[in-house]
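Following: one structure in structure tokens, then a few remarks.
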Amino acid sequence: MSTEEKSAAPRSLAEALRVRDDVSLAALLRSRPDLVTPVPTDLTQLATRAGTRASVVRALERLDRFALQTAQALAVAADPAPYEELLGLMAGDEGDPAVTAALPRAVALLREQALVWGADDRLRLVRTARELLAPSPQHPSPTGLGPTVREATAGMSPGRIQEILAAVGLASTHDSVSAVSALGELFADRTRTAALLAALPGESREVLDRLVWGPPYGQVTHDPAPHLRALLDRGLLLPTAPGTVVLPREVALHLRAGRAHRTPEPVPPPVEAAATHRPQVVDATAAGQALAALATVEELLKEWDEGGPTVLRAGGLSVRDLKRTAVALDVPEPVAAFWVELAYAAGLVASDGEADERYAATPAYDEWRELPPAERWARLAESWLTATRTSGLVGGRDAKDRTLSALGPNLDRSAAPEVRHRVLALLAGLPEGAAPDAESVLARLRWERPLRGPQREQREQREQREQGEQREDDLRSRLARWTLSEAELLGVTGRGALAAPGRALIGAPEPAHPAAQPEPEGPGDKLPVHHHRTPPAPAPATPAERAAATAAAARLLAPLFPEPLDHVLLQADLTAVAPGPLERELADVLGVLADVESKGGATVYRFTPGSVRRALDAGRTAADLHAFLARHSRTPVPQPLAYLIDDVARRHGRLRVGAASAYVRCDDDATLDEILADKRAAGLGLRRLAPTVLAAQTDPAALLEGLRAMGFAPAAESAAGDVLIARADARRTPPRAAPEPVPDGPPVPDDTLLTAAIRAIRAGDLASTAPRRPGHADGADGGPAAGGELPRTSAAETLATVQAAVLTGEALWIGYVNAEGAASQRVIAPIRVEGGFVTAYDHTADEVRTYPLHRITGVAELADDAP
């Protein structure tokens, strides 16, 4: 490197950032949004923030496996390290071509994220990242490498070091520093180290083989066996503590053929297709699932229409209420939890906030029901895709060993939206109609985000080795599994493959249609899909983009839905078959008049005395019911059904129940005699007040239920003696907003914010680094004012300097305190001064601004060579 090149090489991360262009800085702030909140005042502050532990940990957690392996290799390389040394650590002595081809991308990614800086001949890992990834006795490196010879011999006596030199055939030295250097050079020499190892007994080589891939530490007794003594005498094992030895890094690298990692992973594992289906079949299946999803959510809210289950004191549904909901929906409890959480995430259900707090539908539910089916589905799918609440956690335990309940606290996982979108994006990269192999999806996600904390993975690996346990799926893997199953339930996928509406929902491009598409079907048809086949679809970021994606999904789904039917098929066994989705009004009335017996492509309703009585309680008459069925049935009304309606209507209302505490009256005293004689009435506390009136010791509602259980058909009446129409009293909460997702760190800044932030950072950096002329604004020693300090001049000096700059056209460095008291440094070119204000071109904002003179703390002229 020439003298000019050396002087131009950056000496710090701040200098490396200073030579970046705006596109590169924008890429950094976009990939690490925590750096822009709040906006740094200059590039020095940006570099300082980029090196903080919290920010570096977050950046490391977002690296893919190969980029992380590259950073780990740099942590055990020299500081700084030339690119050739890093390549040797990654590709080994033989040079893996795949690693060689992928390494420039990994280094560029680390540079972009400000984790690595410097030219290729002097690559430096940010100090905090090196501290996190470098090996130490407390935190072994993920590479499995131990300390260098210099680090391991730091506390060793000089005499012992000289003994090791003599044992390996090296000449003694006058000091320990040169002795350690000579030993390190020996172990770094492949030929000489190979000869040294060849002279060892086989048992000694077996010990080294056990330590070579880590952990590099072992235990020895105070009187080691001869094969261990041979290693200790030659420095191939070095003591680090009483009874503990370590394999030096240089020796391990020789045994590994120069590789820092046993298995470098330069290429992401492909996502494989387990089966393929015709796209039309996928879309039709997904549309059927979407219809079922809408019906399930409506059925859930219908169950809670008059007030749902009570809210636990700690929040959420009780286990018993979740079981009841699962029985009502005819689904397993985990699936019931999913539908409950989905309705909550969509803002369709919430707690009512009353003293006896219950869950109920929100006013937004009524608005949602009026939307076209495709738009209702799109609203649900968007809520699911962006929600951080995770129903798969229901039934598990929290950090305090408390059961996690549906709709309860502690169900938010900030990674959920990202994982859902990424899983669907991977499915979008498969050929159209291809269903993925779930394990290949999980393997790909683990490659893309392997690290969940700098030391957690190392600790888990160590515990697994010690206990011989199989690794349990981490949270991202569980989220991915739940995503695959939930997407199928919701109709985002059909037969496991991503449907067209689901593709639009994530903003993925339309799939290409190759000339020869493999024909279905069968799980034996494995199709590897490489990572470069389809670029990952970026998640819709802005509300406008999300709204457009949701509208596109609804638009694609609408033609797949069948037209609502205005008829049913009545059958002689007191059932009605709806061969498809029904019109809203027909479905509502039929839901009151009959009970749903089975669901699917066709819904079967059954008419019972209880269901007919429910319709009569809601204000319908027998004539209304006959006319309704005749109007909406494609088959004649069966005689048994007509008889059932007439029979229930004839008996309906003969008994009247009102509030005394409660009473029963009937014009037929024989009926009252029958009730009193029935043993089942004992619990109602009935006694006769008059030939046609009975008094009860229970409330009217319980009395109604008791008499109906005995086979009677009583009707409630008001204080005036009129029959009360028991219409479904829809209970609604006050207006409630859908729960806000818990953000996974600061939001990614948009282009407008990035442009403004970069402009402000560059201007602040110009103000802080621009050379100033010596003078009154300088430090006491005649040099420039200390970094970060504002220039200080009197009001008269400030005014005179600014007026002079207006005449000469020179730029000035000023200190300025705004109305909120925030101080900043600026470089301005004054245009005019009048009325106590200076109008100037502000390089910080790249625009003309006006500043009150009394808020300027001081001014200083820039040096002639200032940019």
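All residue numbers in this chain count up from 1 along the given sequence.
Listed here is the closest heavy atom pair of A716 and L704: CB-CD1, 4.0 Å. Between W482 and S485 the shortest heavy-atom distance is O-OG, 3.0 Å. For G494 against V282, the heavy-atom pair with the smallest separation is O-CG1, 3.5 Å. Residues D283 and P501 share a closest heavy-atom pair of OD1-CD, 4.5 Å. Here the shortest heavy-atom pairing between H421 and I506 reads NE2-O, 3.3 Å. Shown here for E357 and D352, the closest heavy-atom pair between the two residues is CA-OD1, 3.5 Å.
Two residues are said to be in side-chain contact when any heavy atoms from C-beta on lie closer than 4.5 Å; D566 and R634 meet this criterion. Counting only heavy atoms from C-beta outward, the side chains of L616 and L625 approach each other to under 4.5 Å. Looking only at side-chain heavy atoms (C-beta outward), W304 and P309 come within less than 4.5 Å of each other. For the pair S391 and E486, the minimum side-chain heavy-atom distance is below 4.5 Å. Inter-residue side-chain proximity for V340 and L317 is flagged as met; some heavy-atom pair is nearer than 4.5 Å. F561 has its side chain within reach of L291: a pair of non-hydrogen atoms, C-beta onward, lies under 4.5 Å apart. L644 is listed as a side-chain neighbour of F607, based on a closest heavy-atom distance under 4.5 Å. Contact annotation: the side chain of L629 approaches that of L593 to within less than 4.5 Å [non-hydrogen atoms, C-beta and beyond].
Between the CZ atom of R389 and the CD atom of E341 there is a distance of 4.0 Å, given to the nearest 0.5 Å. Distance CD/Q639 to CG/L641: 11.0 Å, rounded to 0.5 Å. Residue L301 holds its CG atom at 11.5 Å from OG1 of T296, rounded to the nearest 0.5 Å. In this structure, the separation between CZ on F712 and CG on L707 is 7.0 Å, given to the nearest 0.5 Å. Rounding to the nearest 0.5 angstrom, the gap separating the CG atom in L689 from the OH atom in Y663 is 11.0 Å. One distance of note links CG of L484 with CG of L489; it measures 11.5 Å at 0.5 Å rounding.
Within a 6.0 Å radius of CG in D669, more than 12 heavy atoms belonging to other residues, nucleotides or ligands are found. Annotation: R687, atom CZ; neighbour count of heavy atoms from other residues, nucleotides and ligands within 6.0 Å does not exceed 12. Atom CD of E585 has 12 or fewer heavy atoms from other residues, nucleotides or ligands within 6.0 Å. For R397, the CZ atom is densely surrounded, since the number of other residues' heavy atoms within 6.0 Å is greater than 12.
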Side chain to side chain contact (heavy atoms under 4.5 Å, CB included) between T550 and W377, intermediate numbers included: CA-CA 10 Å; T550 304; W377 176 86; over 6 Å; no
Residue pair D647, R651: steps toward the salt bridge (Lys or Arg N to Asp or Glu O under 4.0 Å) verdict: CA-CA 7 Å; D647 183 56; R651 295 185 292 115; 3.7 Å; yes
Check against salt bridge (Lys or Arg N to Asp or Glu O under 4.0 Å), K400 and D398: CA-CA 5 Å; K400 296 182 179 179; D398 64 8; over 6 Å; no
Chi angles and distances behind the side chain to side chain contact (heavy atoms under 4.5 Å, CB included) call for V311, R358: CA-CA 5 Å; V311 181; R358 290 180 174 274; 5.6 Å; no
Audit row: C666, T692, side chain to side chain contact (heavy atoms under 4.5 Å, CB included) steps and yes/no: CA-CA 5 Å; C666 181; T692 59; 5.7 Å; no
Stepwise salt bridge (Lys or Arg N to Asp or Glu O under 4.0 Å) check, D321 with R324: CA-CA 5 Å; D321 286 328; R324 288 173 179 167; 3.5 Å; yes
Working for side chain to side chain contact (heavy atoms under 4.5 Å, CB included), residues E298 and R376: CA-CA 11 Å; E298 290 190 29; R376 281 188 280 140; 2.4 Å; yes
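Of the possible donor and acceptor atoms, none in the side chain of T575 sits under 3.5 Å from a partner among the backbone N and O of Y605. Under a 3.5 Å cut-off, the side chain of R420 and the backbone N or O of T386 do not form any donor-acceptor pair. Remark: side-chain polar atoms of S611 are paired, donor with acceptor, to backbone N or O of T608 under 3.5 angstrom. When atom types are taken as modelled, the side chain of T390 and the backbone of L393 share no donor-acceptor pair closer than 3.5 angstrom. Looking at T635, its side chain never comes within 3.5 Å of a backbone N or O of L569 through a donor-acceptor pair. Counting only distance, with no hydrogens or angles, the side chain of R614 and the backbone of A594 share a donor-acceptor pair below 3.5 Å. Side-chain N or O atoms of Q289 include one that pairs as donor or acceptor with a backbone N or O of E488 at under 3.5 Å. Side-chain N or O atoms of R503 include one that pairs as donor or acceptor with a backbone N or O of A428 at under 3.5 Å.
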Could you pull out every donor-acceptor pair under 3.5 Å between side chains of residues 407-417 and any protein atom, sequence neighbours left out?
residue : atom : partner : partner atom : Å
D412    : OD1  : T388    : OG1          : 2.6
R413    : NH1  : N410    : O            : 3.2
S414    : OG   : D744    : OD1          : 3.4

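Among residues two or more places apart in sequence or in another chain, the ring pair (Phe, Tyr, Trp, His ring centres under 6.0 Å) test is passed with F628 by H632. By the salt bridge (Lys or Arg N to Asp or Glu O under 4.0 Å) test, R613 is found to be paired with no residue, residues two or more places apart in sequence or in another chain being considered.
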